[in-house]
2 protein chains.
Amino acid sequence: MGIQKQPCPNTKTRIMDTAEQLFALKGFQCTSIKRLACAARVNQAAVNYHFGSKAALIEKIIDRRLRPINRQRIERLEAVQQAAARQGCRPRTEDVLHAFIEPTFALTEIIQTEKYFLSIAGRVFSEPDDAIRSILILHFKPSFLLLFKLMKAALSGLPEAVLLWRLHFVIGALAHCMYMCGTRLAVPDFFPLPDNADTMVKLLISFATNTMNAPYYRENENMLGFDSLEY
Amino acid sequence: MGIQKQPCPNTKTRIMDTAEQLFALKGFQCTSIKRLACAARVNQAAVNYHFGSKAALIEKIIDRRLRPINRQRIERLEAVQQAAARQGCRPRTEDVLHAFIEPTFALTEIIQTEKYFLSIAGRVFSEPDDAIRSILILHFKPSFLLLFKLMKAALSGLPEAVLLWRLHFVIGALAHCMYMCGTRLAVPDFFPLPDNADTMVKLLISFATNTMNAPYYRENENMLGFDSLEY
DNA sequence: GTCTATAGATTGATAGAC
DNA sequence: GTCTATCAATCTATAGAC
């Protein structure tokens with residue numbers, strides 16, 4: 001599990017790129033400043049000099065990748081929303097999911113180390129550290145809310161409770177794919193996987209569309225015991 | 001996020017139950033022996049006296065819950081397999097998924113603290129600590145391999161590559177649901193959720209069935225660039 | 001089995017020379 | 001900006017009295 005050596009950027013960038021890999025592979029707690037500095041071939045004091053603290057470094061690393069991803073998500077979701085409004089019809093499920101999912105993996109082809117970050121972001125819900133989870137959620141929340149809104153418009157006939165569960169299934173699958181993509185599609189413990197992110201994204205979008213558009217039978221409704229669904 | 005107080009079992013059990021909650025809520029690294037002993041109302045030295053080391057405690061906690069879950073999975077999958085063999089037909093997708101998914105949440109109604117453990121197990125793929133992830137995977141692997149085998153039998157017409165991706169989507173959704181169930185269905189950061197595990201399991205199984213049984217169009221095959229699919 | 005006290009290692013962060 | 005040296009806090013684990 002060798003760390004990818006960077007060519008020779010400046011110290012600050014080298015720290016961030018190396019930290020991104022180590023945090024993704026080993027987690028935040030297991031990555032000490034000492035080991036990070038050693039892997040990045042910088043002095044140990046340089047980390048605190050450039051970023052102030054370990055927490056600030058983590059926040060900076062998350063912000064660097066997550067901000068453009070969610071900005072692009074929102075732009076594309078709003079485009080879908082406006083196109084549907086112009087035509088006076090509901091947005092199509094597939095278009096909404098495409099606008100939401102694709103930006104997640106858009107940069108992986110260009111930036112080599114960005115895909116490591118997807119492992120960090122894929123832990124958004126199950127991240128044990130409260131502070132880090134809060135940072136991740138703060139970034140994700142606006143695009144998630146917009147996704148929810150457009151999906152309700154696209155599937156206005158579906159009971160909101162069913163829509164919410166299906167969204168959670170899709171989000172779980174998406175998070176898992178992000179994690180796998182981040183570790184170079186190498187989760188060989190159970191099943192082999194093709195080393196092809198493009199294929200994954202296409203199948204993921206069609207999977208999500210199929211899940212959200214699945215028929216719903218009213219007779220099952222009596223088994224849905226929902227407490228509060230106001231949003 | 002108060003820790004649930006146990007009635008008054010013996011020291012060893014009280015340590016395990018409290019550790020299960022803290023590990024699920026805060027993670028392994030963030031839970032020190034000191035804090036664990038304090039929360040369990042036992043002496044700090046008692047943890048090492050009863051379990052030898054922190055790593056051994058973690059292994060014991062995982063083993064306690066995961067062994068019966070995976071034993072039940074395998075028993076029920078084998079029952080599905082044998083029933084299909086007797087009738088000379090392929091196993092039904094829904095039966096296979098039901099046998100695999102349901103045991104995951106079977107004990108949550110009975111044992112109060114068991115659902116906390118689902119948060120730990122839900123991190124099986126994205127767990128940062130290598131040692132812990134290895135322990136989790138070692139437990140899960142046999143039932144996952146049997147699931148894979150039976151899904152191939154149930155969907156023999158489907159290209160293996162497509163089947164693998166769909167399995168990963170289902171597994172991602174399952175892991176997410178395990179995590180949510182473990183934190184008492186409280187992931188209110190994005191979407192509200194009903195506090196009803198039974199509903200979740202039913203919808204999860206029908207979701208998984210719908211995903212695996214989805215039609216597949218041959219013309220898409222050229223976009224699948226798989227390297228090695230031997231197993 | 002339970003307790004106090006502490007060893008021994010590692011952590012994040014900083015002071016100060018260059 | 002980079003380095004060495006070090007502080008103070010925290011961690012796991014253990015020794016030994018009761």
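So that the names make sense, note that chain A is the first sequence line, chain B the second, and so on, each numbered from 1. Below, each value reflects all heavy atoms present in this structure, side chains not excepted, and no hydrogens, waters or symmetry copies. What you see is a predicted model; the values in this text were computed from it and never measured.
Listed pair A/Asn43 / D/dG1 fails the phosphate criterion, with no side-chain N or O lying under 4.0 Å from OP1 or OP2. At the phosphate of D/dT10, neither OP1 nor OP2 sits under 4.0 Å from any side-chain N or O atom of B/Ser32. At C/dT11, one or more side-chain N or O atoms of A/Arg35 fall inside 4.0 Å of OP1 or OP2 (strictly under the cut-off).
Side-chain contact between A/Ile15 and A/Lys60: absent, with no pair of heavy atoms (C-beta onward) separated by less than 4.5 Å.
Atom CG of B/Asn10 and atom P of C/dG1 are 9 Å apart (whole Å). Look at OH on B/Tyr49: it is 15 Å from P on D/dA15, rounded to the nearest Å. Counting to the nearest Å, the P atom of C/dT10 and the NZ atom of A/Lys26 are 17 Å from each other. In this structure, the CG atom of B/Leu36 is 9 Å from the P atom of D/dT12, given to the nearest Å. Between A/Ile33 atom CD1 and C/dT11 atom P the separation is 10 Å, expressed in whole Å. Here D/dA9 presents its P atom at 20 Å from NZ of A/Lys34, a figure rounded to the nearest Å. Put simply, NZ on A/Lys54 is 15 Å from P on C/dT14, counting in whole angstrom units. The distance between atom CD of A/Gln29 and atom C1' of D/dC11, rounded to the nearest whole Å, is 12 Å.
Side-chain atoms of A/Thr11 lie closest to D/dT2 of the nucleotides C/dC3, D/dT2, D/dC3. Residue A/Asn48 has its side chain nearest to C/dA13 when only C/dT2, C/dA13, D/dT14 are considered. Nearest to the side-chain atoms of B/Ala45 among the listed nucleotides C/dT2, C/dA13, C/dC3 stands C/dC3. Set against D/dT2, C/dA13, D/dA13, the side chain of B/Gln44 has D/dA13 as its closest nucleotide.
No cation-pi contact links B/Lys12 to B/Tyr49, judged by a cut-off of 6.0 Å to the six-membered ring centre and 45° from its axis.
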Legend entry - Intermediate values then yes/no, side chain to side chain contact (heavy atoms under 4.5 Å, CB included), A/Phe105 and A/Met178: CA-CA 8 Å; A/Phe105 307 94; A/Met178 289 169 75; 3.9 Å; yes
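Residue A/Phe100 forms a side-chain contact (heavy atoms from CB on, under 4.5 Å) with just one option from A/Leu146, A/Asp95, A/Ile171, A/Leu147, and that option is A/Leu147.
Minimum heavy-atom separation, A/Leu25 to B/Asp130: O-OD1, 4.5 Å.
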